[in-house]
*Asks:* 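Can you read through this structure? Questions will come right after.
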There are 2 protein chains.
Amino acid sequence: MKQKIELSSQCKGQIRAIGDTMELLGGKWKIKIIGTLLLNGTMRFMELKRAVDGIAPKKLSKDLQELELNELITRTVKETKPITVEYELTPHGRTLENLINEAMNWGIHHRNHILK
Amino acid sequence: MKQKIELSSQCKGQIRAIGDTMELLGGKWKIKIIGTLLLNGTMRFMELKRAVDGIAPKKLSKDLQELELNELITRTVKETKPITVEYELTPHGRTLENLINEAMNWGIHHRNHILK
DNA sequence: AATAGTGGTTTCCTTTAGGAAACTAGTTTC
DNA sequence: GAAACTAGTTTCCTAAAGGAAACCACTATT
């Protein structure tokens, strides 16, 4: 019984950590944006828009702002003509690599399981 | 340029896989429910409700149904008095362990990063 | 002068997610 | 007979997510 209580309170913290992660990455597009940046490196706004299939510019803009606020990506304006804007993962953003690989692998695994 | 095209089309499939995963687990509660079942094994409805802090019975019921439809958990009614219902991860559900551990670890890592 | 490309913003709308509270129905304990 | 526990369902509501289309300001090309 003592074990059960310890397990339960230890569990709460771990479950909360899952919630933190999902609060940041939950939603239809954010994790796809990060995955795309992981696979392609630095990208401009329109490149991202073309690569992340189906996203509306408004949504892309909003999600990029939120990801920047959370220090997962950087936004740098290049004074070219016309001006271009580059988005890139921060070192902290790159720590999502394992998680995103797992999400990719499991998605493939699940698709195979359902089509069994 | 040829490389860029190949990278891009290969990328699409991987990004789609991420989308599949998030479609199933995105939302506030599903991944927490699975995480709780991973940590505690077989659980009854009320046990889950107490363990997954803050979830409303309606939401718990609905999410459990969806997880069962996707073959991630099983629901078995025990003919005890009063009847009890046991929820348990399927083998397929247990393949989410790596992903969930990554989500946990990254949540903790991110919290530390922000509190730097 | 018109067209296209840059990186977005604005407006309007629909859908979905989620929450609070009350309720159901059967069983068992007090 | 009242209270409490089992496992949910029903109703009503709000907030957030997301999408379509138009628009904006600037620059470069034709």
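Naming convention: chains lettered A, B, ... in sequence-line order (proteins, then strands); numbering from 1 in each chain. These values consider heavy atoms only, across backbone and side chains, with no hydrogens, waters or symmetry-generated copies. Source: prediction; values computed, not measured.
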*Asks:* Nearest-nucleotide wise, let me know which of B/Gly54 and A/Pro82 is further upstream toward the 5' end of DNA chain C.
*Replies:* A/Pro82
*Asks:* What is the distance from CD of A/Glu79 to P of D/dC26, rounded to the nearest Å?
*Replies:* 14 Å
*Asks:* A/Leu64 vs A/Phe45, test: side chain to side chain contact (heavy atoms under 4.5 Å, CB included). Steps then yes/no.
*Replies:* CA-CA 9 Å; A/Leu64 287 169; A/Phe45 186 85; 4.0 Å; yes
*Asks:* 5' to 3' on DNA chain C, which nucleotides open and close the contacts with chain A (atom under 4.0 Å from a heavy atom)?
*Replies:* C/dT6 to C/dC12
*Asks:* Shortest non-hydrogen contact from B/Glu47 to B/Thr42?
*Replies:* OE1-O, 4.4 Å
*Asks:* If you pin A/Thr80 and A/Lys58 to their nearest nucleotides in DNA chain D, which one's is more 5'?
*Replies:* A/Lys58
*Asks:* Say whether, by atom type as modelled, one donor and one acceptor occur between the side chain of B/Thr21 and the main chain of A/Ala103 under 3.5 angstrom.
*Replies:* yes
*Asks:* CD of A/Gln65 versus C1' of D/dA17: gap in Å, rounded?
*Replies:* 16 Å
*Asks:* Please confirm whether B/His92 and A/Trp106 have ring centers closer than 6.0 angstrom.
*Replies:* yes
*Asks:* Can you check the A/Leu64 CG to D/dG18 P distance for me, whole Å?
*Replies:* 14 Å
*Asks:* For A/Lys59 and for A/Lys81, locate the closest nucleotide of DNA chain D by heavy-atom distance; then report the residue assigned to the nucleotide nearer the 5' terminus.
*Replies:* A/Lys59
*Asks:* I'd like to know if the side chain of A/Arg94 reaches the main chain of A/Leu89, judged simply by a donor and an acceptor atom lying under 3.5 Å from each other, with no hydrogens or angles considered.
*Replies:* yes
*Asks:* How close do B/Val77 and B/Arg75 get, counting heavy atoms only, and between which atoms?
*Replies:* CG2-NH1, 3.6 Å
*Asks:* Verify the contact: side-chain N or O of A/Lys28 to OP1 or OP2 of D/dG19, cut-off strictly under 4.0 Å; return yes or no.
*Replies:* yes
*Asks:* In whole angstroms, how far is the P atom of D/dG18 from the CG atom of A/Asp53?
*Replies:* 16 Å
